[in-house]
K.L.:
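Please find one structure pasted underneath; my questions will follow.
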Amino acid sequence: MGIYLDHSATTYVDKKVLAKMTQCYSETFGNTSSQHSYGRDAEKGVGAARAQVADAIGASPGEIYFTSGGTESDNWAIKGVAKFARKGHIITTGIEHRAVLDTCKYLEAKGFSITYLPVDAFGAVRADDVEKALQDDTILISIMFANNEVGTINPMAQIGQIAKKHGVLFHTDAVQAVGHVPIDVSAIGIDLLSLSAHKFYGPKGVGALYIKNGTNIEKIIHGGSHEKGMRAGTLNSPGIVGLGAAISLATEVMDNEFVKEAALAKRLKDALLQLPKAKYNGHPDDRLPGNVNISFDGIEAEALMLHLDLEGIAVSTGSACSSGSTNPSYVLKEMGCTIEQARAAVRFTIGRCNTTKDIDTAAKKTKSIVEKLRALSPLFADKGEKNV
Amino acid sequence: MGIYLDHSATTYVDKKVLAKMTQCYSETFGNTSSQHSYGRDAEKGVGAARAQVADAIGASPGEIYFTSGGTESDNWAIKGVAKFARKGHIITTGIEHRAVLDTCKYLEAKGFSITYLPVDAFGAVRADDVEKALQDDTILISIMFANNEVGTINPMAQIGQIAKKHGVLFHTDAVQAVGHVPIDVSAIGIDLLSLSAHKFYGPKGVGALYIKNGTNIEKIIHGGSHEKGMRAGTLNSPGIVGLGAAISLATEVMDNEFVKEAALAKRLKDALLQLPKAKYNGHPDDRLPGNVNISFDGIEAEALMLHLDLEGIAVSTGSACSSGSTNPSYVLKEMGCTIEQARAAVRFTIGRCNTTKDIDTAAKKTKSIVEKLRALSPLFADKGEKNV
Amino acid sequence: MYNEKVLQHFKDPHNVGTMENPDGYGEVGSSECGDTMKMYIKVDDNKITDIKYQTYGCCAAIASSSIATDMALGKTIEEAQAMSKMDIVQELGGLPEKKIHCSLLAEDALKEAIKDYKSK
Amino acid sequence: MYNEKVLQHFKDPHNVGTMENPDGYGEVGSSECGDTMKMYIKVDDNKITDIKYQTYGCCAAIASSSIATDMALGKTIEEAQAMSKMDIVQELGGLPEKKIHCSLLAEDALKEAIKDYKSK
Ligand SMILES: Cc1ncc(COP(=O)(O)O)c(C=O)c1O
Ligand SMILES: Cc1ncc(COP(=O)(O)O)c(C=O)c1O
């Protein structure tokens, strides 16, 4: 068996969650729009899931709309608000997931103006910058809860207050955060929140958008009166039941998991930073518990990733050498990393199944591969410098 | 165990299909964008599914794009072509699924002009009408393969020829047809085809859009380079694997199933038409094999449906008395039915699991409930007339 | 969506039928949804001593007719006249919100029948 | 995405290292993706008798360097000079399309080293 350290990319589905889904695929398989018992049973499952999702983020069930995943939720939140407003200004950051960035670029081409806020060296947005960027015609602030590459958590409460004070809608892409850190939409003052089941041991292809009651937003998928007429399409009831079960379970084990993952992450970080010229990326404390992101000077991340893969260890790299040009992580570049540092960055994301032994094995293998690749590299000369 | 006769609403997932999906949810669960072995294994599954879908409809794998279901595919096909063209005229019919109709209405509000073609008494579009409706600025013909309420199949080959002759793109919502009747997109001349797994014993929440190579279409979900940059979002690999397995299986058993379902449908129809004043809706021959749609004069379909439900038999009704107004099936109205006939229409859709015994039980129960409801009804007086 | 009591009345509705020479007769059609009801009452000593009806409509309309006639039977004309659709819905233990209007049919038909009786 | 042979060369690249007093030395950097390679050759009787290199780059760059040096070893200067990136890709049994450009690094470095040798 391999060692999976790429839980931010996706997770396996928890056994208990899968059992609920299986039951739904074969028995309570009705269409929730049907009025007979098959339909009513399916609707019961969806209703329970809606309550589970609402509970997990401090919303009410009527504010939860199911989607096909985080990307659709992000598209809906941003395009939906923009369509309702017809024109205006949107504030986001330079380190958003492409589901947010590409949607903003699309709207920019359609005449909306967009501010892409910078981040500090740790990858966090400054709340001050948000307030300064506000314009008379600002219709939306869209800032991610936690970054997918470096795990840094943004100052959500402060941004929420600013949004509320100025009466501007606040959307957050919380795809990486939900199920891992506590979230209360009403305490923070969030109007729209995107989440996706496959990031917390639920199924792929199902997510949700929290829409605070009374929010001015249009739909983006037409046809049928599903989801109060806001999102057409036969409900993916097995997936939704899986989402509900997964979010409940994640909430239940959150505190323990946080402590466990943070401890494993510290262990991995400490071991890897024994290597010379290894740079730890992201915030030291305000970050997702399982995320460790390190740039190893003089190596190319893909090479390290593939070597680890050959040893059965799965990690990820932000950059990828493809189509004749390297695309080093724009997140790391925004944080002020050099291109070389960005190309040398590897992300380890620890999850529910990982053990101390996994971490020790991964650390040991990583160290020897880094040394091997550095020996191969014309760029690296260990001059015994300290880590930065 | 109940008798499920609502297979056009949705199907259970076939056991063999589910086994493949389960494996994917727990073992080959990687993100297809990941370059390590977990990602590559997931990508292998998706690639195989893409080939299975392509094979089933006579396309090549590079022309298959996975979506969250039939509704998204319909939205994408129509809005995607409209966005690319920027303006123009679209031809569709008055009996499309709401995923098509509502999308067309949305575009109409945005300045596109739409022709909603009428249908004949059997529910079929006349190819002549399509040709006559063409304008210089027609950008798209969108006509469903088979109707979801009455099962009538449209003259696809003729429409395909007209589209080709005039160089207009041809989209078909084949959600009800795929997996049940043979389809060859290149022989017919289809440019865009929507399909959805949960209509042929695959999972809900996953579908595909066939886009013929070279078709001018824009994306509607932004972010990420998935699906050649045309549909962002982490691929629902277990769902896609299920779609692939389901479409292969459906193709394999299609001929036998067609014969079996058509025979059961005839048996049910013959039994029910023994009742006086029962009107058979839809085409006698050119229809989906398992579809039987009948209006029983003097009864309200919802009442019949619920009585059958109490007996463990699941059927569906086009009309529903809701929100203070009855919405009798617009499909039946387009076919020339009276409002009373539309309100009295019940749809039985036979599927893979149904037996002769199921049909006989359903027929017997339906007959006695219809008689009971007619006795209760002030509208019905059996004057011994013949069925129409 | 419907509770047990509603389904019970729907499945085996009470007081179904017509009446020869009723003391009062009412016929109403809902303009909203096409439901139709005919109601027949027999009145003795200012009390409703027999009641029959026919209903064309959905489950909510049928169940409302059944329970409304149960409720009216034995009541004085004044008591019966005071019955509202919300009384009917309450007696049924509730109806889905979208279906509440369906119970108006029974209220209206009963009122029509009483009006007819009084006019004689 | 990578075939077995590519992965084998990537995992255990051949001819890695530097050389004291090489007969030819080439250093190239890909402007496209930042990959860098240093190549050292020893030439005897117009034949490449020893070859060493260092590469910074992805799997494709490393595997190409490894197999290209294997191929060049023992070849005459003229034969080595005639090697193209497609020869390297072919010898590797193919590379993903997006990665084909990565093998140019080895071709270029080898050509630079030969040029340096000839200029002496
Ligand atoms: C921060 C963030 N936003 C959005 C997404 C997209 O979610 P999904 O994969 O469910 O479409 C992801 C993950 O892929 C993510 O990490
Ligand atoms: C003809 C037709 N088109 C589109 C759809 C929508 O597909 P989905 O339920 O997968 O969104 C359906 C079924 O619901 C249908 O019958």
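Below, all heavy atoms of this structure are taken into account, side chains as well, without hydrogens, waters or symmetry copies. Reminder, nothing fancy here: chain letters follow the sequence lines and each chain counts from 1.
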K.L.:
So which part of A:Val315 gets closer than 4.5 Å to some heavy atom of chain B, the side chain, the backbone, both or neither?
P.N.:
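Backbone only.
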
K.L.:
If I compare all heavy atoms of B:Ser329 with all of B:Glu149, which pair ends up nearest, and what's the gap?
P.N.:
OG-OE1, 2.6 Å

K.L.:
Given the options A:Leu308, A:Thr71, A:Thr28, A:Leu306, which has more heavy-atom pairs under 4.5 Å with chain B than any of the others?
P.N.:
A:Thr71

K.L.:
Are any non-hydrogen side-chain atoms of A:Lys228 and A:Tyr65 less than 4.5 angstrom apart?
P.N.:
yes

K.L.:
Which one wins on heavy-atom pair count under 4.5 Å against chain A: B:Lys15, B:Glu27, B:Arg40?
P.N.:
B:Arg40

K.L.:
Regarding B:His171 and B:Ser194, do their side chains bring together a donor and an acceptor under 3.5 Å, going by distance alone?
P.N.:
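Side chains of B:His171 and B:Ser194: pair found under 3.5 Å.
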
K.L.:
Considering only heavy atoms, which portion of B:Thr103 lies under 4.5 Å from any heavy atom of chain A: side chain, backbone, both, or neither?
P.N.:
both

K.L.:
If the contact rule is any heavy atom under 4.5 Å from chain A, which residues of residues 197-204 of chain B qualify, in numerical order?
P.N.:
B:His198, B:Pro203, B:Lys204

K.L.:
Should the pair A:Lys219-A:Glu227 be classified as a salt bridge under the 4.0 Å nitrogen-to-oxygen rule?
P.N.:
no

K.L.:
Looking at B:Gly205, B:Gly224, B:Gly242, B:Ala314, which one has more heavy-atom pairs under 4.5 Å with chain A than the rest?
P.N.:
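Most heavy-atom pairs under 4.5 Å with chain A: B:Gly224.
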
K.L.:
With a 3.5 Å cut-off and no angle check, do the side chains of B:Thr32 and B:Ser237 form a donor-acceptor pair?
P.N.:
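No, because no side-chain N or O of B:Thr32 sits under 3.5 Å from a partner of the opposite role on B:Ser237.
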
K.L.:
Of the options B:Val100, B:Asp173, B:Thr92, B:Asp74, which is the one that meets B:Met144 in a side-chain contact (heavy atoms from CB on, under 4.5 Å)?
P.N.:
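Running side-chain contact (heavy atoms from CB on, under 4.5 Å) over B:Val100, B:Asp173, B:Thr92, B:Asp74 with B:Met144 returns exactly one hit, B:Asp173.
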
K.L.:
Chain B heavy atoms under 4.5 Å from A:Leu101: which part of the residue, side chain, backbone, both or neither?
P.N.:
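A:Leu101 has no heavy atom closer than 4.5 Å to chain B.
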
K.L.:
By a 4.5 Å heavy-atom criterion (distance strictly below it), what part of A:Thr22 contacts chain B: side chain, backbone, both, or neither?
P.N.:
both

K.L.:
Is it the case that the side chains of B:Tyr106 and A:Glu218 hold a donor-acceptor pair, with the cut-off being a distance below 3.5 Å and no angle test?
P.N.:
no

K.L.:
Measuring only between side-chain heavy atoms, which start at C-beta, is B:Asp14 closer than 4.5 Å to B:Arg352?
P.N.:
yes

K.L.:
Looking only at heavy atoms and a cut-off of under 4.5 Å, which of A:Asp102, A:Ile220, A:Ile78, A:Asp309 has the most pairs with chain B?
P.N.:
A:Asp309

K.L.:
Taking all atoms of both residues into account, what is the closest heavy-atom pair of B:Ser73 and B:Leu195, and its distance?
P.N.:
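For B:Ser73 versus B:Leu195, the nearest heavy atoms are OG-O, 4.2 Å.
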
K.L.:
What part of A:Lys79 gets closer than 4.5 Å to chain B, counting heavy atoms only: side chain, backbone, both or neither?
P.N.:
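Just the side chain, heavy atoms under 4.5 Å.
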
K.L.:
Please state whether the side chain, the backbone, both or neither of A:Ile313 comes within less than 4.5 Å of a heavy atom of chain B.
P.N.:
neither

K.L.:
Please look at A:Ser196 and chain B and tell me whether the side chain, the backbone, both or neither of the residue comes under 4.5 angstrom of a heavy atom of that chain.
P.N.:
neither

K.L.:
Are A:Arg231 and B:Ser68 close enough that a side-chain donor and a side-chain acceptor fall under 3.5 Å?
P.N.:
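Yes, B:Ser68 and A:Arg231 have a side-chain donor paired with an acceptor closer than 3.5 Å.
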
K.L.:
Quick one: closest heavy-atom pair of A:Ile95 and A:Asn147, and the distance?
P.N.:
O-ND2, 3.0 Å

K.L.:
Quick one: does A:His97's side chain get under 4.5 Å of A:Val175's, heavy atoms only?
P.N.:
no

K.L.:
So, the side chain of A:Asp41 versus the backbone of A:Tyr38: is there a donor-acceptor pair under 3.5 Å, distance only?
P.N.:
no

K.L.:
Under 4.5 Å from any heavy atom of chain A, what part of B:Thr67 do you find: side chain, backbone, both or neither?
P.N.:
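Contact with chain A involves no heavy atom of B:Thr67 at all.
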
K.L.:
Are B:Glu96 and B:Thr93 side-chain neighbours, meaning at least one heavy-atom pair lies under 4.5 Å?
P.N.:
yes

K.L.:
So do B:Glu72 and B:Ile221 actually touch side chain to side chain, heavy atoms under 4.5 Å?
P.N.:
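Contact flag for B:Ile221/B:Glu72 side chains = yes.
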
K.L.:
Can you list the residues of residues 4-12 of chain A that sit under 4.5 Å from chain B, counting heavy atoms only?
P.N.:
A:Tyr4, A:Asp6, A:Ala9, A:Thr10, A:Thr11, A:Tyr12

